[in-house]
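Here the structure is laid out as structure tokens; the discussion comes afterwards.
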Number of protein chains: 2
Amino acid sequence: MVSCPKCNEVSAVQKAGIVRGKQRYCCKSCDFHFTLPDLTTAPQTKRHQVTIVDIAEELGISKSTVSRALRGHTDIHAGTRQMVLDLAQQLEYQPNPLANALLKSKTNTVGIIVPEFRHYFFPATIIGAQEVLSAAGYNVMICQSDESYETEVANVKALMSSRVDGLLVSLSSQTNNFDHFRAVQRRDVPLVFFNRVCPELDTPQVVVEDYAGAFAAVEHLIEQGYRRIAHLTGPSTLQVSHLRLQGYLDALQKHGLVPENELIIHYDLTPEKARIYANYLLSLPQPPDAIFALNDPTAIEIMLVAKARGVKIPQELGVVGFSNDPMSAIIEPPLTTVAQPVHEIGRQAAQLLLEQMNDAPPRRAVLTTQLLVRGSSQLERQKK
Amino acid sequence: MVSCPKCNEVSAVQKAGIVRGKQRYCCKSCDFHFTLPDLTTAPQTKRHQVTIVDIAEELGISKSTVSRALRGHTDIHAGTRQMVLDLAQQLEYQPNPLANALLKSKTNTVGIIVPEFRHYFFPATIIGAQEVLSAAGYNVMICQSDESYETEVANVKALMSSRVDGLLVSLSSQTNNFDHFRAVQRRDVPLVFFNRVCPELDTPQVVVEDYAGAFAAVEHLIEQGYRRIAHLTGPSTLQVSHLRLQGYLDALQKHGLVPENELIIHYDLTPEKARIYANYLLSLPQPPDAIFALNDPTAIEIMLVAKARGVKIPQELGVVGFSNDPMSAIIEPPLTTVAQPVHEIGRQAAQLLLEQMNDAPPRRAVLTTQLLVRGSSQLERQKK
DNA sequence: AAAACTATCGGGAACTTTCCCGAAAAAGGT
DNA sequence: ACCTTTTTCGGGAAAGTTCCCGATAGTTTT
């Protein structure tokens, strides 16, 4: 009852096992194995994206020629090119970037990893980076490490497996092992750090004058008459912590003040811990009369704690932050802070990445900071 | 001096034009055209990403088998699979998602378009969305329309050309033409709106109880004793503007207050305009004694303007916002606001998108709001 | 008019992976 | 010993594009 599709023989056909649930036959006369075609499969009206092959067939030319026309190649007749261009427009042809990416192993996508998204700073840097990158034709993939080393490693892995063409990173506060970035370098993927930079790896980076900014901030506090100045800063793994601490220490020393260990606190940058340490500082037998914080979110937490405890700012406590977060202008009294060009940090980082991708020599960009004196630290003016 | 690579003839070879800058020859004896191979091209030590073919060759098996082993297919010998797995690990094999994407036309990437990045709200929703999406194995591509219709169109175009598998959108305040989203639907790309939803298109969407929240906010103001309540809201193109306005109007009506046109202002949500209209309202011959703002950033601008003019909050002016932006707790007096579950909005939106991708019936999610009464609107308590 | 050249175009490999289907080898059944 | 079944594997197409290279037809030069 089954005829061989090759010799049309019927009698010589016999069963020959089952393959993937379908009966298989063997024609003894022509020694041909076969299974019966499945007629139940639907015709599959799957919508077909219009490709250059469609255009080529429609026009009766080769796909090479269509590609040339679309890519603006010279090696083509002006009339042919116009024909192709017209039809492409009419058919709403959109080139498939995946095919191109596969061919060139270049995705035109860069990954950005930031520690968090809650405050103003990192979203603002991303805005700047995106500005430059999308102008250069790159898409952007954004990840947050959530200040966690493990998440950061996972982010790097995910972005690398997505085959990004470059990586823009601001480290998590936990990170003190950089093997995941060494793996990035080993694969020759351009890598740029900004703000939270990596001290061990030799990559382009964007930073601000952390030392100078911190120095200016603390000197300002001293000039205002504060004498017992505490410093609430980030984990010692972060270079910004280190540099700003150094600026703090040197400013104290310059003015003959002796730093005290109990007034220098490293913490993990969570709001909860900020409150705990602010309370701790204000509960000391000899509480500080001013606090210089690593960043504005920290400074604001300090101010909230101080307010809750009835400590008057700036009379009983001077506070200075870092970054000029919009909140610092809103809070009362307005927060004195070291302003840094947030958008420009992102722009510069993107710029350095583009340079890396063009094999330019690695650069290090240092942006300027500016002390914005506001109400939270103006002791003398209050006194007058 | 030039010998034919086919018949090794020398005398019969003659020039035959120039092709792409290289001399071309023709052997008259065997009628063979050829150019001399270019010896100057570097050997190209281009680092080769390890592929399944590499593994297959190393093991002397076919790439199909390697693929089966890696994909955990059943149709394979346990020993062979282990062999492949071991070598893959040793060679640090990473599958190329591009090839897969090209084959399946599925990029495992979703695009998110939000109007802006400056305030707390949208980054927070993105955090929520990313949470759900990356758990489902999707990468995320984020764009900002910058409240511009043109940029939004460009964003949609860019994401579509990147072949995202889905789109999560919160509309720009300018958008009143939705053709770019119709194009998305035409291509069968799942689309979900959140917060700033599209009234014309039949898509899943995530919103909050805008009407109820606004009604509660205004009713609260009335109960506090405010009588001349203004409303500063967004462009009428936005559904949130419309719904919150309606809540405002109905609350007034319920309590026998007559809405006045000069107290209802639509604006483009820029900080500059917020300040201008706040000043305008406070300069009226009969200024309002309370303002209900579309969102917290607007409310905060209003408070700043009021403070600058010496208008006391809440005594002379009650203010209520919407969203519970962290700033609203910081500012003094703290801002009464209608809280909405920002992260949950993002999570829900992502959830609806995933459902769409699995061809589930489109849903509309409505999340609850909660009025947080704070200092900026507590007239009675002040009076006591 | 032969030789040399130019302007265009087509063919096909390559990129990496998955999947369909047929084939071989091994195992089981009578 | 022969047939059937199962297990395991290989070949090759497909996805969409770019690019290299050879091949024409027509044009100019000698």
Side-chain angles (χ1 to χ4, degrees), chain A residues 14-26 28 31-35 37-38 41 46 48-56 59-71 73-81 84 93-106 163, chain B residues 14-26 28 31-35 37-38 41 46 48-56 59-71 73-81 84 93-106 163:
Chain A
Q14 54 187 202
K15 293 188 187 172
I18 290 175
V19 63
R20 272 172 295 273
K22 282 172 66 180
Q23 183 61 57
R24 187 160 173 254
Y25 299 95
C26 179
K28 293 277 115 186
D31 196 35
F32 180 62
H33 289 259
F34 61 93
T35 57
D38 193 355
T41 49
K46 181 192 160 196
H48 179 69
Q49 267 286 353
V50 32
T51 73
I52 55 170
V53 180
D54 298 325
I55 298 179
L59 257 36
I61 58 180
S62 81
K63 61 183 180 353
S64 311
T65 308
V66 177
S67 173
R68 262 190 298 265
L70 261 16
R71 302 257 70 211
H73 237 271
T74 53
D75 233 25
I76 191 171
H77 190 73
T80 312
R81 168 166 48 227
V84 172
Y93 166 75
Q94 277 209 320
N96 188 330
L98 269 54
N100 206 2
L102 177 59
L103 197 59
K104 310 271 197 59
S105 2
K106 185 170 189 308
R163 297 288 207 276
Chain B
Q14 56 186 201
K15 292 189 189 172
I18 291 176
V19 60
R20 271 173 295 274
K22 281 172 65 179
Q23 183 62 56
R24 188 162 172 253
Y25 299 94
C26 178
K28 290 277 115 183
D31 196 34
F32 180 62
H33 288 259
F34 62 93
T35 58
D38 193 354
T41 48
K46 180 192 161 197
H48 178 69
Q49 266 288 354
V50 33
T51 73
I52 54 170
V53 180
D54 297 325
I55 299 180
L59 257 37
I61 58 179
S62 81
K63 60 183 178 4
S64 311
T65 307
V66 177
S67 173
R68 261 189 298 264
L70 260 16
R71 304 249 64 214
H73 235 270
T74 52
D75 234 25
I76 191 171
H77 189 75
T80 313
R81 170 167 46 227
V84 171
Y93 167 75
Q94 276 209 321
N96 189 331
L98 269 55
N100 208 0
L102 176 60
L103 199 59
K104 309 272 196 58
S105 352
K106 185 169 191 308
R163 296 288 207 277

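Chain identifiers are assigned alphabetically (A, B, ...) following the order of the sequence lines, protein sequences preceding nucleic acid strands; residue numbering begins at 1 within each chain. Reckoned from all heavy atoms, side chains included, excluding hydrogens, waters and symmetry mates.
- Rounded to an integer number of Å, the gap from B:I55 CD1 to C:dT16 P is 12 Å.
- Base contact: A:S64 has a heavy atom under 4.0 Å from a base atom.
- In this structure, B:K104 reaches the sugar-phosphate backbone alone: every heavy-atom distance under 4.0 Å involves primed, P, OP1 or OP2 atoms, never a base.
- Distances from the side chain of A:R24 to the nucleotides C:dA23, D:dT8, D:dG16 place C:dA23 closest.
- Projected onto DNA chain D by closest heavy-atom contact, B:A78 and A:L70 fall at different nucleotides, the more 5' of which corresponds to B:A78.
- For C:dC5, the OP1/OP2 oxygens have a side-chain nitrogen or oxygen of B:Q23 closer than 4.0 Å.
- Heavy-atom minimum distance, A:Y93 versus A:V50: CD1-O, 3.3 Å.
- If you take CD of B:Q14 and P of D:dT30, they are 16 Å apart, rounded to a whole angstrom.
- Closest approach of B:S67 to B:I52, counting heavy atoms only: CB-CD1, 4.4 Å.
- Atom pair B:I52:CD1 and C:dC19:C1' shows a separation of 11 Å (rounding to whole Å applied).
- Taking every heavy atom of both residues into account, B:R163 and A:Q94 meet most closely at NH2-O, 3.6 Å.
- As judged by a 4.0 angstrom heavy-atom cut-off over every strand, B:P95 is placed among residues touching the sugar-phosphate backbone only.
- Environment of NZ in B:K15: sparse, with no more than 12 heavy atoms of neighbouring residues, nucleotides or ligands closer than 6.0 Å.
- Here B:S67 lies in heavy-atom contact (under 4.0 Å) with a base.
- Atom CG of B:L102 and atom C1' of D:dA14 are 9 Å apart (whole Å).
- A residue-by-residue look at A:S62 and B:K15 shows that B:K15 has its nearest nucleotide of DNA chain C further toward the 5' end.
- Within 4.0 Å (heavy atoms only), A:Y25 reaches no atom of the nucleic acid at all.
- Taking atom CG of A:L98 as the reference point, atom P of C:dT18 lies 14 Å away to the nearest angstrom.
- Looking at heavy-atom distances under 4.0 Å, B:I76 makes contact with sugar-phosphate atoms alone, never a base.
- The two atoms that bring B:D54 and B:Q49 nearest to each other are OD2-O, 3.6 Å, heavy atoms only.
- Comparing C:dT18, D:dT24, D:dG16 against the side chain of B:N100 picks out C:dT18 as the nearest.
- Between B:L102 and A:L98, the shortest heavy-atom contact is N-CD2, 3.6 Å.
- Interface remark: the A:K63 side chain does form a donor-acceptor pair with the C:dG12 base, using a distance-only criterion of under 3.5 Å.
- The residue B:N96 sits close only to the backbone: its heavy atoms come under 4.0 Å of sugar-phosphate atoms, none of a base.
- Closest approach to the A:Y93 side chain among D:dG10, C:dA4, D:dT17 is made by D:dT17 (side chain taken as heavy atoms from C-beta onward).
- For D:dG10, its base sits under 3.5 Å from the side chain of B:R68 at one donor and acceptor pair at least.
- The listed nucleotides are C:dT8, D:dT18, C:dA23; the one nearest the side chain of A:L103 is D:dT18.
- Rounded to a whole Å, the NE2 atom of A:H77 is 13 Å from the P atom of D:dG26.
- In this structure, the CG atom of B:D75 is 14 Å from the C1' atom of C:dT18, given to the nearest Å.
- For B:T65 and D:dC9, the shortest distance from a side-chain N or O to OP1 or OP2 is not below 4.0 Å.
- Side-chain N/O atoms of A:T51 include none lying less than 4.0 angstrom from OP1 or OP2 on D:dG16.
- Side-chain atoms of B:T65 and B:S62 include a donor-acceptor pair closer than 3.5 Å.
- Counting any heavy atom pair closer than 4.0 Å across all strands shown, A:R71 reaches sugar-phosphate atoms only and no base atom.
- What separates CG of A:L59 from P of C:dT8 is a distance of 17 Å, to the nearest Å.
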